[in-house]
Amino acid sequence: MHAFDVLGDPVRRRILELLADGERPAGEVGAVVQAEFGITQPAVSQHLRVLRENGFATVRVDGARRLYAVDPAPLAEIDRWLTRYRKGQPL
C-alpha cells in the first residue's frame, strides 16, 4: 500500500497523532478513536494493523498489553518527497 493511501484515511492519521507523543496502549488508542469516530474496536484494530504492516507503527507486547508507537522512517520518506514542492517556499 502506498504511503498516501495509508495516510489518506482520517482514522489512521488520528491514530498517528495519538502516538506522536510516545508509546500508548492499544486499548487507550481504541477508546479515543472509537469515541471520536464512532467505530468498533475491531475496526480500530484493523487500522492499527494497516499502520503496523505498512511500517508507520510498531507494537511491543508488555504482559497482556500491546503498546503502539510511531515508526518515523516512512514519515521521513514522505517528508523527503514533499521537499521538492517546498523549494522556494518559506517554511
Side-chain angles (χ1 to χ4, degrees):
M1 187 178 280
H2 190 275
F4 289 110
D5 294 327
V6 174
L7 298 178
D9 187 284
V11 173
R12 291 193 285 267
R13 287 194 310 271
R14 179 61 175 132
I15 290 171
L16 286 178
E17 288 172 2
L18 293 170
L19 300 177
D21 292 329
E23 212 172 46
R24 293 181 97 166
E28 183 181 315
V29 171
V32 171
V33 171
Q34 285 176 281
E36 291 181 6
F37 290 91
I39 63 175
T40 64
Q41 184 276 324
V44 175
S45 293
Q46 182 73 9
H47 285 291
L48 285 167
R49 189 175 106 208
V50 169
L51 289 169
R52 192 177 66 248
E53 288 179 352
N54 288 280
F56 286 87
T58 60
V59 65
R60 178 174 69 86
V61 177
D62 180 33
R65 299 183 324 158
R66 293 188 181 279
L67 301 170
Y68 282 84
V70 170
D71 185 338
L75 297 170
E77 222 173 282
I78 290 169
D79 194 45
R80 282 191 299 277
W81 184 84
L82 290 170
T83 297
R84 71 182 185 192
Y85 298 101
R86 289 191 200 111
K87 290 185 180 182
Q89 302 288 324
L91 296 178

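Given the structure is predicted, the values throughout are model-derived calculations rather than measurements. Residues take their numbers from the sequence shown, with the count starting at 1.
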Heavy-atom nearest pair, Pro74 first then Gly55, reads CG-O, 3.0 Å
Side-chain heavy-atom pair Arg14, Val32 within 4.5 angstrom cut-off = yes
Decide, yes or no, whether a salt bridge links Arg86 with Asp79 under the criterion of side-chain N to carboxylate O below 4.0 Å.
-> yes
One should read off an interatomic distance between Ile78 CD1 and Thr83 OG1, to the nearest 0.5 angstrom, of 11.5 Å
Stepwise side chain to side chain contact (heavy atoms under 4.5 Å, CB included) test for Thr40 and Gln46 | CA-CA 10 Å; Thr40 64; Gln46 182 73 9; over 6 Å; no
Is it true that Val61 and Leu51 fall in one hydrophobic cluster, defined by side-chain heavy atoms closer than 4.5 Å?
-> no
Spacing of Glu23 atom CD and Leu67 atom CG [to the nearest 0.5 Å] = 4.5 Å
Evaluate the side-chain proximity of Arg24 to Leu18: yes if any heavy-atom separation is below 4.5 Å, no if none is.
-> yes
Gap separating the OG1 atom of Thr58 from the CZ atom of Arg66, nearest 0.5 angstrom | 12.5 Å
Under 3.5 Å donor-acceptor, Arg52 side chain and Val59 backbone = no
May I ask you to decide if the ring planes of Tyr85 and Trp81 are parallel, tilted or perpendicular, using 30° and 60° as cut-offs?
-> tilted
The reported gap from CG in Asp71 to CG in Asn54 (rounded to nearest 0.5 angstrom) is 11.5 Å
Here the gap from Glu28 atom CD to Leu19 atom CG, rounded to the nearest 0.5 Å, amounts to 9.5 Å
With Ser45, which of Gln41, His47, Arg49 fulfils side-chain hydrogen bond (donor to acceptor under 3.5 Å, both in side chains)?
-> Gln41
Please name the residue in the list Leu48, Leu7, Ile15 that meets the side-chain contact (heavy atoms from CB on, under 4.5 Å) test with Phe56.
-> Leu7
Short question: side chain of Arg65, backbone of Pro25 - any donor-acceptor pair under 3.5 Å?
-> no
Of all heavy-atom pairs between Ala26 and Tyr68, which one has the smallest distance, and what is that distance?
-> CB-CE1, 3.7 Å
